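As structure tokens, the structure follows; a few thoughts come after it.
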Protein chains: 2
Amino acid sequence: MYRAPVEEIAFTLKYVAGLKPALDAGTFGDLGEDLVDAILAEAGRFASEEVAPLYKIGDEQGAVLSGAAVTMPPGWKALYRRWIDGGWNALSAPEEFGGQALPTMLGVAALEMWNSAAMAFGIGPTLTMGAVEALDKHASQALKAKYLEKLVSGEWMGTMNLTEPQAGSDLNALRARAEPAGDGTYRIFGQKIFITYGEHDFTDNIIHLVLARLPDAPAGTRGLSLFLVPKFLVGDDGALGARNDVFCSGLEHKLGIHASPTCTMIYGDGFEGTAPGAIGWLIGEENKGLACMFTMMNNARLAVGMQGVAVAETATQKALAYANDRRQGKAASYDGNGMAPIVHHPDVQRNLLTMNALTQIARAISYSCAHAIDHARVSVGDEATHWQERANLLTPLAKAFSTDVGVEVASLGLQVHGGMGFIEETGAAALYRDARIAPIYEGTNGIQAIDLVARKLPLGGGEHMHGYIAELKAVANQVRTSNLQGFGRTADALDKALDELGQATRFLQGLLADGRSDEALSGATPYLRLISLAAGGAYLARGALADQSRVALCRFFAENLLGEAGALKERVIGGAESLAAAGKTLMSA
Amino acid sequence: MYRAPVEEIAFTLKYVAGLKPALDAGTFGDLGEDLVDAILAEAGRFASEEVAPLYKIGDEQGAVLSGAAVTMPPGWKALYRRWIDGGWNALSAPEEFGGQALPTMLGVAALEMWNSAAMAFGIGPTLTMGAVEALDKHASQALKAKYLEKLVSGEWMGTMNLTEPQAGSDLNALRARAEPAGDGTYRIFGQKIFITYGEHDFTDNIIHLVLARLPDAPAGTRGLSLFLVPKFLVGDDGALGARNDVFCSGLEHKLGIHASPTCTMIYGDGFEGTAPGAIGWLIGEENKGLACMFTMMNNARLAVGMQGVAVAETATQKALAYANDRRQGKAASYDGNGMAPIVHHPDVQRNLLTMNALTQIARAISYSCAHAIDHARVSVGDEATHWQERANLLTPLAKAFSTDVGVEVASLGLQVHGGMGFIEETGAAALYRDARIAPIYEGTNGIQAIDLVARKLPLGGGEHMHGYIAELKAVANQVRTSNLQGFGRTADALDKALDELGQATRFLQGLLADGRSDEALSGATPYLRLISLAAGGAYLARGALADQSRVALCRFFAENLLGEAGALKERVIGGAESLAAAGKTLMSA
């Protein structure tokens with residue numbers, strides 16, 4: 001069962017992603033290393049001892065719909081209560097509403113642990129946090145006063161309602177509508193699908209954030225407005241009032257994360273005798289809903305990235321434990337009695353080291369993204385711009401690369417278990433099932449890659465990316481001059497990959513400058529993986545420079561996995577024409 | 001739903017894997033192209049119209065154990081009856097016992113179709129065919145006379161009992177025991193796990209082939225003997241007699257292929273009042289059981305490879321249909337009304353083309369393996385040796401590469417479906433679940449890679465592999481001189497990959513010659529993929545040279561996917577030292 005890798009997480013935060021220098025410089029006020037360590041240790045304890053034991057029952061029994069009510073798996077409601085009682089929901093939330101306003105770096109580290117212990121548990125509060133951030137940034141004082149404190153404490157949970165059957169990746173096609181009631185409120189009508197934690201029994205009230213169109217709103221995404229729609233109306237005294245006309249009409253039967261209720265939500269059907277039309281309040285300005293929603297989505301993208309890291313970590317732990325326990329065959333490196341633990345076989349080692357390296361890289365990228373978010377918040381002027389650009393650049397990497405890694409590592413972990421891996425009782429298969437949603441939701445990984453190339457490469461007039469590469473090259477140079485034993489050809493491999501990244505970057509920027517964006521987008525997915533591997537290699541090296549026990553894994557990565565960078569660069573630079581030619585053969589007559 | 005790609009299969013058999021020249025040369029007697037086409041068409045019809053519609057109920061309801069009896073999903077028993085009535089079980093079986101003795105190439109093509117329609121259905125008869133082959137080659141005339149005809153017709157099914165809880169990949173550790181009864185029969189005792197179709201209601205009798213140890217047998221695999229243990233004893237008149245003491249004590253709860261009963265089998269416990277000790281008959285010689293079992297296993301490895309091809313084909317069809325149907329966003333290449341079908345988006349095209357190319361390559365490698373098996377059977381002397389070596393070389397590729405492709409393609413297919421892919425009703429998730437067993441059973445893919453490097457590279461004094469590379473280089477040369485439009489840089493990319501393959505091959509052969517087999521085995525998995533991609537590129541090119549409509553996909557593969565070969569070569573040549581160094585960090589204290 002999952003044991004939170006508190007030391008590994010603390011090390012990555014401090015020495016790879018930059019938390020230690022920030023703490024030393026007082027970037028986060030009087031937050032010190034002792035408090036950071038204490039919070040991580042307690043989060044680790046809670047995740048390992050309280051959340052993880054309820055994983056299996058959650059997977060097996062799932063969330064259950066009866067009428068319009070959803071019952072969570074046995075023990076989960078009490079777990080959630082203990083979790084909010086521990087203050088975990090409020091960790092990174094604003095102090096004004098009862099939050100602890102701790103850095104996002106700590107928030108994502110804790111989030112990794114909840115998701116490692118049970119991804120279906122970790123996803124719920126992620127949506128609440130997104131709602132808190134969107135309300136804090138965009139809502140009126142009245143709405144904030146009424147809702148934020150209870151969302152911050154976790155007494156209520158929040159949701160994010162975008163998708164409709166005809167509108168998934170393309171929000172232009174949204175049809176849900178909102179009619180002004182003349183009293184400052186609106187009536188919301190429509191159907192939303194794939195709504196995570198749309199209904200459940202964790203909390204007395206659920207606060208839905210819903211994209212809908214006002215009458216005569218412009219077509220497309222410029223005509224979307226964001227509304228707050230509570231499950232139960234809330235009086236000025238904070239007491240719950242009438243049931244609002246928003247109901248769950250179905251739960252999806254999913255491949256994984258069975259305990260996370262994925263709801264079809266019906267707004268305004270006059271269900272169960274409610275007055276037809278769900279009562280909603282506008283958040284921010286009319287027709288500016290997408291901007292408000294993006295506040296939630298960026299937050300959620302990094303959070304989903306943490307799910308990739310989280311599942312990869314759990315899968316790696318499980319496979320490593322199995323490989324040390326299971327004995328089959330002989331191995332040159334094993335001089336004990338009987339059959340060797342399979343961890344002694346080179347092929348098993350290759351799988352486990354690949355899992356370890358990819359997990360550490362995904363974690364380093366994601367924590368570095370959180371580091372940039374934190375620094376953007378506490379900086380001003382050019383520095384704030386720099387860090388915001390860095391956060392924007394790293395968000396699609398954190399989301400897409402980490403979730404691809406989650407699937408890859410869960411699959412390798414299952415393989416390490418051999419025949420037992422295919423048996424559900426072992427638990428490796430459940431991770432393989434859970435991991436598979438993360439590359440899809442909160443913007444598919446293909447869309448993340450498009451976002452990276454179309455919106456992030458041009459940041460800072462195209463210079464931000466080259467500055468990032470220069471920082472990574474400095475790490476390669478440190479490796480070269482370190483004289484540390486055991487790095488092998490790491491410096492050369494890193495330099496080569498980073499040079500290839502630079503070439504691919506300039507090539508894509510050239511296409512964009514020439515208006516050839518379709519060709520650029522053909523290479524978007526390989527480019528996203530290219531940055532991630534090259535940056536990941538540098539992050540592993542940074543860790544290895546700080547702790548010599550990490551040199552061997554860094555070298556394994558550089559000499560066994562980083563070579564993929566060359567092929568990825570070739571695809572970015574030379575793949576578009578053949579893709580376009582062959583793509584034509586795919587269309588139905 | 002799956003539609004058997006009969007034309008694609010026929011094309012690959014004839015023009016890529018070499019069936020056409022063989023038919024023209026009369027290699028298979030009077031077997032002509034018309035009969036081949038008719039058989040493929042009818043198999044395709046049966047798979048599409050009879051098997052595929054029962055897939056979903058098989059996945060949802062699975063095989064069910066009650067007492068020691070297993071009930072197959074509704075409709076499956078009748079399906080099996082129609083299938084054997086069609087003569088499909090006897091397709092490649094020896095004529096002497098009622099089989100049609102058609103080439104293995106046709107057998108695997110049909111097998112692909114059964115597995116595409118329902119992998120849990122296709123796996124059952126695969127075991128029966130293995131039993132037929134093992135009995136035909138090794139059993140006494142008396143055993144053959146009693147059992148083979150009914151196994152060939154499919155009236156009875158066969159199983160393969162190797163694995164025990166402590167002995168999976170390492171058969172040295174097997175403990176099941178056999179005691180001579182003094183009357184020419186034996187009593188078998190022990191527990192076998194993961195027995196595919198160990199119990200079911202398809203047939204009145206089930207013929208188990210079981211590895212066990214005689215008293216005082218040598219330790220290790222040299223002390224294993226193979227026994228035939230029928231569920232019901234069979235009289236000399238062929239009538240079923242007493243129930244034998246072999247019973248199913250449990251069914252595994254698996255990630256996928258739910259309709260395939262994976263049984264724990266108990267031999268000799270005196271269950272249900274039977275006389276203790278399962279009555280068995282020796283197959284072949286005492287202590288030579290492993291050699292007999294390997295007859296079944298080689299057959300089964302290619303068959304499992306076909307499962308990889310099969311799932312990849314179904315996943316590709318499903319994703320392509322969805323991508324032509326589902327509309328989201330705008331695309332430069334779409335000039336119709338409203339949102340564009342997502343097949344117009346470059347990133348979706350990249351996924352679909354990758355799926356198409358990998359599926360075609362896995363199919364070409366597997367059919368080429370079957371082609372070699374067929375030619376080894378009909379040849380004599382050096383020619384027979386050549387083809388047997390080729391079959392031996394290609395078997396681990398067909399098994400491991402194809403099943404890795406099955407998982408990769410099923411995962412990409414799920415991704416193409418977006419959020420719908422994660423919902424079980426869509427069917428993409430079920431393929432992702434089913435596909436995951438194939439890289440594990442019949443020898444994990446890691447073991448296939450070890451087999452490739454340790455046993456297949458030395459074939460023909462090390463020269464066989466270089467001869468194969470030379471054949472593939474000739475294809476690259478044909479591309480270069482073809483003057484066919486649209487090949488782009490295909491010839492260069494193929495030459496480069498094949499040169500890299502040659503270098504990696506010589507490097508590994510050098511290590512083996514120096515007795516450095518652990519270092520060689522560190523690179524076994526990347527080497528297996530390297531051959532597969534390089535050979536696959538040549539097979540795609542061979543198809544494209546025969547049919548110009550295939551050039552675009554061949555070029556896409558060469559310019560987008562074949563570049564991985566360079567990184568794989570680097571891993572083979574330069575990865576072992578860092579793997580060994582980092583591998584030491586994985587062992588528990």
Side-chain angles (χ1 to χ4, degrees), chain A residues 168-170 173 194 252-255 320 324 328-329 332 339 343 346-347 349-350 352-353 407 411 414-415 418-419 421-425 429 436-437 439-441 444 446 488 518 521-522 524-525 552-553 555-556 559-560 563-564 566-567 570-571 574-575 578-579 581-583 585-588, chain B residues 168-170 173 194 252-255 320 324 328-329 332 339 343 346-347 349-350 352-353 407 411 414-415 418-419 421-425 429 436-437 439-441 444 446 488 518 521-522 524-525 552-553 555-556 559-560 563-564 566-567 570-571 574-575 578-579 581-583 585-588:
Chain A
S169 300
D170 187 352
F194 296 162
E252 302 293 352
H253 174 216
K254 304 192 302 296
L255 174 64
L320 189 58
N324 271 284
Q328 288 290 278
M339 293 190 285
V343 70
D347 192 71
Q349 292 178 358
R350 183 186 48 73
L352 291 168
L353 293 169
V407 173
S411 184
L414 192 156
Q415 185 74 18
F422 200 62
I423 309 301
E424 287 286 3
E425 283 77 0
R436 197 60 193 77
I437 186 57
I440 295 173
Y441 60 15
T444 65
D518 250 37
L521 296 186
S522 295
T525 289
L553 185 68
R555 180 183 170 201
F556 168 82
E559 296 185 5
N560 275 277
E564 191 188 335
E570 293 300 328
R571 294 186 70 172
S578 64
L579 192 157
T585 66
L586 297 168
M587 283 106 190
S588 296
Chain B
S169 300
D170 186 354
F194 296 161
E252 302 293 354
H253 174 217
K254 305 193 299 296
L255 174 64
L320 189 58
N324 272 284
Q328 288 290 278
M339 295 190 284
V343 71
D347 192 71
Q349 292 178 357
R350 184 186 48 73
L352 291 169
L353 292 169
V407 173
S411 184
L414 192 154
Q415 184 74 18
F422 200 63
I423 309 300
E424 286 285 4
E425 282 78 359
R436 198 60 194 78
I437 186 58
I440 295 173
Y441 59 15
T444 66
D518 250 37
L521 295 185
S522 295
T525 290
L553 186 68
R555 181 185 169 197
F556 168 81
E559 297 186 4
N560 275 277
E564 191 187 333
E570 292 300 328
R571 293 186 70 172
S578 63
L579 193 157
T585 66
L586 295 168
M587 283 105 188
S588 296

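Order of the sequence lines sets the chain letters (A, B, ...), proteins ahead of strands, with each chain counted from 1. Just so we're clear, the structure is a prediction, and the values are computed from it rather than from any experiment.
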Mind ranking A:T585, A:I423, A:L521 by heavy-atom pairs under 4.5 Å with chain B and telling me who comes out on top?
A:I423
Chain B interface, residue from A:T444, A:V407, A:N560 that has the most non-hydrogen pairs under 4.5 Å:
A:N560
Can you say whether A:Y441 sits under 4.5 Å from chain B via the side chain, the backbone, both, or neither, judging by heavy atoms?
neither
To the nearest 0.5 Å, what is the distance between CE (B:M587) and CG (A:N324)?
7.5 Å
Quick one: does any side-chain atom of B:D170 pair with a main-chain N or O of A:G329 as donor and acceptor, under 3.5 Å?
yes
Top residue by heavy-atom pair count (under 4.5 Å) with chain B, among A:D518, A:I437, A:V343?
A:I437
Contacting region of B:D347 [heavy-atom separation from chain A under 4.5 Å]
side chain
Residue selection (most heavy-atom pairs with chain B, distance under 4.5 Å) from A:G421, A:G563, A:G419:
A:G419
Donor-acceptor pair, side chain of B:R436 and main chain of A:F422, under 3.5 angstrom
no
Cut-off 4.5 Å, heavy atoms of chain A, and the answer for B:F556 is both
Which region of A:L320, side chain (C-beta onward) or backbone (N, CA, C, O), has a non-hydrogen atom less than 4.5 Å from a non-hydrogen atom of chain B, or is it both or neither?
side chain
Out of A:A429, A:A173, A:A567, A:P346, which one racks up the most heavy-atom pairs below 4.5 Å with chain B?
A:P346
Among side-chain atoms of B:R350 and A:S522, is any donor-acceptor pair under 3.5 angstrom?
no
Pair count under 4.5 Å, heavy atoms only, with chain A: among B:R571, B:E570, B:E252, highest is B:R571
Using a cut-off of under 4.5 Å for heavy-atom pairs, which of A:S578, A:G488, A:G168, A:P439 has the most such pairs with chain B?
A:S578
Between chain A and each of B:L414, B:L352, B:L553, count heavy-atom pairs under 4.5 Å; write down the option with the most.
B:L414
Just by modelled atom types, is the B:L586 backbone N or O under 3.5 Å from a matching donor or acceptor in the A:Q349 side chain?
no
